[in-house]
Amino acid sequence: VQLQASGGGLVQAGDSLRLSCAASERVANNYYMAWFRQSPGKERLFVSAIAWSDSTPYYGNAVKGRFTISREAAKNTVYLQMNGLKPEDTAVYYCAVGMIDPSNGYYDMYYWGKGTLVTVSS
């Protein structure tokens with residue numbers, strides 16, 4: 001499966017962006033599509049995920065209430081609507097497909113996209 005992320009850019013604090021990630025083939029129902037982000041010099045962190053079977057969303061604590069994940073199954077595409085962006089949201093955002101268990105921080109992602117850069121200026 002190939003993943004193509006898009007939608008990143010340079011915005012000001014408080015602005016919004018919507019990221020998209022399209023998979024090259026159908027995502028299996030027992031998988032999750034997820035977003036992670038990595039800031040310079042820091043580890044890659046979980047942002048959000050959606051269960052492909054029933055669209056149940058999951059969010060990291062840093063983005064709860066500001067970001068919304070959704071999917072369009074017919075297009076094998078996941079979206080991340082990011083509102084109220086903050087400078088600390090600046091990172092390369094990666095989409096991925098795999099298995100997760102957010103309750104215990106378990107992530108086993110089988111496929112990764114190349115990432116899209118989001119820069120939030122203050």
- Note on the structure: When rounded to the nearest 0.5 Å, the distance separating OH of Y32 from CG of D108 is 12.5 Å
- Item | Minimum heavy-atom distance between R71 and A51, given as atom pair plus value | NE-O, 4.1 Å
- Can L19 be reached from F46 by stepping across I, L, V, M, F, W or Y side chains whose heavy atoms are under 4.5 Å apart? no
- Message: For the OG atom of S122 and the CD atom of Q12, what is their distance to the nearest 0.5 Å?
- Response: 9.0 Å
- What's the shortest heavy-atom distance between A34 and M109, and which atoms? CB-CE, 3.9 Å
- Message: Please say yes or no: joined through hydrophobic side-chain contacts below 4.5 Å, possibly via intermediate residues, are V120 and L17 part of one cluster?
- Response: yes
- Task: Report the distance from atom CG of D15 to atom CG of L10, rounding to the nearest 0.5 Å.
- Result: 9.5 Å
- Test item: M33 and L3 side chains (from C-beta on) under 4.5 Å apart, heavy atoms: yes
- Message: Could you check whether Y110 and Y31 have their ring centres less than 6.0 Å apart?
- Response: yes
- Are I100 and Y59 connected in a single hydrophobic cluster, I mean Ile/Leu/Val/Met/Phe/Trp/Tyr linked by side-chain heavy atoms less than 4.5 Å apart? no
- Message: Side-chain heavy atoms nearer than 4.5 Å, only ILVMFWY residues, links allowed to pass through others: does that put V27 and I69 together?
- Response: yes
- Message: If hydrophobic clusters are built from ILVMFWY residues whose side chains come within less than 4.5 Å, do Y58 and Y111 share one?
- Response: no
- Query: For the residue pair A96 and W112, what are the closest heavy atoms and their distance?
  - Reply: CB-CE3, 3.7 Å
- So which heavy atom on V118 is nearest to which on M82, and how close? CG2-CE, 3.9 Å
- Under the side chain to side chain contact (heavy atoms under 4.5 Å, CB included) rule, what do D89 and R66 come out as? Steps first, then yes or no, please. CA-CA 11 Å; D89 294 318; R66 298 188 298 124; 2.7 Å; yes
- Message: Using only atom types and a distance under 3.5 Å, with no angle test, would you say the side chain of Y107 pairs donor to acceptor with the backbone of G98?
- Response: no
- Check: S20 side chain, Y79 main-chain N or O, donor-acceptor pair, under 3.5 Å: no
- Message: Students often mix this up, so state it plainly: with edges at 30° and 60°, are the rings of Y93 and F67 parallel, tilted or perpendicular?
- Response: tilted
- Message: Is it the case that over 12 heavy atoms from other parts of the model lie below 6.0 angstrom from the CD atom of E43?
- Response: no
- Message: Within the supplied structure, the quantity of interest is the number of heavy atoms (other residues, nucleotides, ligands) at a distance under 6.0 Å from Q4 CD; does it exceed 12?
- Response: no
- Nearest heavy-atom approach of Q38 to K42 is NE2-O, 3.0 Å
- OG1 on T90 to CG on L117, rounded to 0.5 Å: 8.0 Å
- Atom pair OG (S48) and NZ (K64), whose distance is rounded to the nearest 0.5 Å: 10.5 Å
- Query: What are the two closest heavy atoms between W52 and A73, and how far apart are they?
  - Reply: CZ2-CA, 3.9 Å
- Query: Does NZ or CZ of R44 come closer than 6.0 Å to the centre of the six-membered ring of F36, within 45° of the ring's axis?
  - Reply: no
- Item | Donor-acceptor contact present, side-chain S121 to main-chain V11, <3.5 Å | yes
- Task: Determine the sole option in T116, V92, V63, L80 for which the side chain to side chain contact (heavy atoms under 4.5 Å, CB included) test with R37 is passed.
- Result: V63
